[in-house]
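A short write-up of the structure that comes next.
Every value quoted in this text rests on a predicted model; they were computed, and no experiment measured them. The first residue in the sequence is number 1, and the count goes up from there.
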Amino acid sequence: IGHRVDARLGFVPDEDVADYFAAADCVVCPYKDFNASSGVLLHAASHGKPALVSPGGVMEDAVTRHGFGAVIRLNEPPQVSAALARLIQMNGPDRQRLSESALAYARSMDARRYLGQFLNSRE
């Protein structure tokens with residue numbers, strides 16, 4: 001099965017956001033030294049998508065604690081390629097487990113908790 005990476009840079013209109021997440025196999029959050037939560041990560045989780053995130057900070061904690069992705073050094077292309085390949089080639093039950101974990105994380109993040117997580121990470 002052939003797969004391709006569609007890396008688009010630029011603004012995505014609000015009305016197209018759901019389509020992008022629905023089409024994705026996984027979401028890469030390429031933030032360096034980002035110690036706050038990300039709307040992208042929460043969007044990915046709410047669509048049941050696994051995420052690849054950089055080490056450190058709130059996103060690593062969310063992904064590892066809730067089990068819906070992997071922590072990788074995004075500045076190391078072989079590591080990124082290997083992680084993407086593992087997620088894309090993942091079988092049905094494993095993919096379903098990641099999706100369910102992502103959805104559970106998204107449900108656990110109500111607005112008060114999400115804002116508190118962001119504010120606490122800035123202290």
What pairs with D14 under side-chain contact (heavy atoms from CB on, under 4.5 Å), at least two apart in sequence or on another chain? none
Least distance between heavy atoms, A45 atom then A106 atom: C-CB, 3.8 Å
Any link between V40 and M109 through a network of hydrophobic side chains (Ile, Leu, Val, Met, Phe, Trp, Tyr) touching at under 4.5 Å? yes
Distance check, rounded to the nearest 0.5 Å: S101 atom OG versus Q96 atom CD? 10.0 Å
By side-chain contact (heavy atoms from CB on, under 4.5 Å), V71 pairs with (sequence neighbours left out) V53, P55, E60, T64
Say you draw a straight line from OG of S54 to CG of L74; how long is it, rounded to the nearest 0.5 Å? 4.0 Å
Should the pair F68 and Y105 be assigned to parallel (<30°), tilted (30 to 60°) or perpendicular (>60°) ring geometry? parallel
With sequence neighbours left out, the residues meeting side-chain hydrogen bond (donor to acceptor under 3.5 Å, both in side chains) with Q79 are none
With sequence neighbours excluded, what pairs up with A44 under the side-chain contact (heavy atoms from CB on, under 4.5 Å) test? F21, V27, K49
Inter-residue atom distance S46.OG - R107.CZ, 0.5 Å rounding: 11.0 Å
What pairs with L87 under side-chain contact (heavy atoms from CB on, under 4.5 Å), at least two apart in sequence or on another chain? C26, P50, L52, M90, L98
Common cluster, L42/M59, ILVMFWY with side-chain heavy-atom separation under 4.5 Å: yes
Counterpart residues, side-chain hydrogen bond (donor to acceptor under 3.5 Å, both in side chains), relative to E76 (two or more places apart): none
Would you say the side-chain atoms of H47 pair up with the backbone N or O of H43, donor to acceptor, closer than 3.5 Å? yes
